[in-house]
Amino acid sequence: MYRFIDMAVPGKVSKPSVSQRAAPKLLSEEAVGKRDGNKQKKLAKIAKAAKQVFTKKGFEDATMQEIAKLAGVATGTLFLYADNKRDIAFLASAEDFASAIRSFSETPVDGAFVDQMIACYRPYFIMHNANPEMAKIILSEFLFFVGKQARRHGEGAIAMKTEAIRRAVHAQRIGELIGTVPAPEIGDLVYYIFQGVIRRWVQTGAVDVEEGLGMFHRSLSLGLAGMMAKPAQ
């Protein structure tokens, strides 16, 4: 225990105050930063290992034990970051999705609305083309956003819809889209068409990105046909 000399009374030793006793337990900003850095490194190792195991063995045959061994952590450690194997699959693809979402929001707001949506969603087609096996897992398992990591993907889906809504509002303001259909409904429609097309494309092998985008363009154009403002006669 620390001993504090009472300077007001020579030779008297006083008990440390509550704040003084607690002080040695506080972590410095450097220590907190180092701890958080180590956590992120461990998380990245787990995500990388999970993606490798899922890609090689598929979702059903992959095990938490294999993922933990490849990541160099105890199996129980996985549950600190994810609720179950399905949630680990969300973690394995989290960084890829985060990158795609950043690209989505950075796409310029110019050109036809349909063309903007094609440009916004292009990174997702590129992502799935890079790893078709992981794409099959993602699209078959990611139906409900329940779990530590799954909630992050749910937030990403909301961000995608929000960005589509923002662009739909702009298209309505400039007279490209009719204003009688609420922009949130347009954003939802775009997202649902994308989900249908991307699944059909991945089922065919996800071989050609441009082919997938072409499918999306045709389906989206058809879905939005009734919402396009007719040119003045």
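Numbers here are sequence positions counted from 1.
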Hey, are the side chains of [X] and [Y] touching, using non-hydrogen atoms and a 4.5 Å cut-off?
| X | Y | answer |
| --- | --- | --- |
| Met228 | Ile178 | no |
| Glu210 | Phe125 | no |
| Leu189 | Glu185 | no |
| Arg151 | Phe90 | no |
| Val109 | Arg166 | yes |
| Phe194 | Leu220 | no |
| Met227 | Phe113 | no |
| Asn131 | Lys51 | yes |

Please report the shortest heavy-atom distance between [X] and [Y], naming the atom on each side.
| X | Y | value |
| --- | --- | --- |
| Ala183 | Ala168 | CB-CB, 4.2 Å |
| Ser221 | Val114 | OG-CG1, 3.8 Å |
| Val202 | Pro132 | CG1-O, 4.4 Å |
| Val197 | Ser219 | CG2-OG, 3.6 Å |
| Ala62 | Val53 | CB-CG1, 3.6 Å |
| Ala71 | Lys45 | O-CE, 3.1 Å |

Could you check whether any side-chain N or O of [X] sits under 3.5 Å from a backbone N or O of [Y], counting only pairs where one atom can act as donor and the other as acceptor?
| X | Y | result |
| --- | --- | --- |
| Thr77 | Val73 | no |
| Trp201 | Gly196 | no |
| Ser105 | Arg102 | yes |
| Thr55 | Gln52 | no |

Interatomic distance, [X] atom [atom1] to [Y] atom [atom2] [nearest 0.5 angstrom]:
| X | Y | atom1 | atom2 | value |
| --- | --- | --- | --- | --- |
| Thr107 | Asp115 | OG1 | CG | 12.0 Å |
| Met117 | His217 | CE | NE2 | 12.0 Å |
| Ile88 | Asp83 | CD1 | CG | 9.5 Å |
| Ile46 | Tyr81 | CD1 | OH | 5.5 Å |
| Leu78 | Asn84 | CG | CG | 11.0 Å |
| Gln65 | Leu70 | CD | CG | 13.5 Å |

Would Thr63 and Glu66 count as a side chain to side chain donor-acceptor pair (under 3.5 Å) if you check the C-alpha gap in whole Å, the side-chain angles of each, and the deciding distance to 0.1 Å?
CA-CA 5 Å; Thr63 67; Glu66 289 176 293; 3.1 Å; yes

Out of curiosity, does Leu224 fall in the hydrophobic cluster containing Ile165 (side-chain heavy atoms, cut-off under 4.5 Å, transitive links)?
no

Quick check on the hydrophobic clustering: are Val190 and Ile158 connected, directly or via other members, by side-chain heavy-atom contacts under 4.5 Å?
no

Atom CZ of residue position Arg173 - does it have more than 12 heavy atoms of other residues, nucleotides or ligands inside 6.0 Å?
no

Counting only heavy atoms not in Lys85, do more than 12 fall under 6.0 Å of its NZ?
yes

Take Ile186 and Gln172 through the side-chain contact (heavy atoms from CB on, under 4.5 Å) test and state the conclusion after the steps.
CA-CA 11 Å; Ile186 297 175; Gln172 288 177 325; 3.8 Å; yes

Evaluate the side-chain contact (heavy atoms from CB on, under 4.5 Å) criterion for residues Phe216 and Tyr124: first the C-alpha distance (whole Å), next the side-chain angles of each, then the deciding distance (0.1 Å), finally the verdict.
CA-CA 12 Å; Phe216 185 34; Tyr124 293 90; over 6 Å; no

Considering only residues two or more places apart or on different chains, which pairs with a residue in residues 45-77 satisfy ring pair (Phe, Tyr, Trp, His ring centres under 6.0 Å)?
Phe54-Phe59

Can a salt bridge be assigned to the pair Glu155 and Arg152 using a cut-off of 4.0 Å between side-chain N and carboxylate O?
no

Indicate yes or no: does Glu211 engage Arg200 in a salt bridge with an N to O separation below 4.0 Å.
no

Report the residue from Glu163, His170, Arg167 that forms a side-chain hydrogen bond (donor to acceptor under 3.5 Å, both in side chains) with Gln116.
Arg167

Derivation and outcome, side-chain contact (heavy atoms from CB on, under 4.5 Å), residues Phe97 and Ile138:
CA-CA 11 Å; Phe97 272 89; Ile138 291 171; 3.7 Å; yes

Evaluate the criterion side-chain contact (heavy atoms from CB on, under 4.5 Å) for residue pair Val181 and Leu177; output intermediate values, then yes/no.
CA-CA 9 Å; Val181 178; Leu177 296 176; over 6 Å; no

Could you give me the CA-CA distance, side-chain angles and deciding distance for Gln203 and Arg199, then say whether side chain to side chain donor-acceptor pair (under 3.5 Å) is met?
CA-CA 6 Å; Gln203 286 177 344; Arg199 281 169 169 76; over 6 Å; no

Applying salt bridge (charged side-chain N to carboxylate O under 4.0 Å, His left out), run through Asp61 and Lys56 and close with a yes or a no.
CA-CA 9 Å; Asp61 292 334; Lys56 181 179 179 180; over 6 Å; no

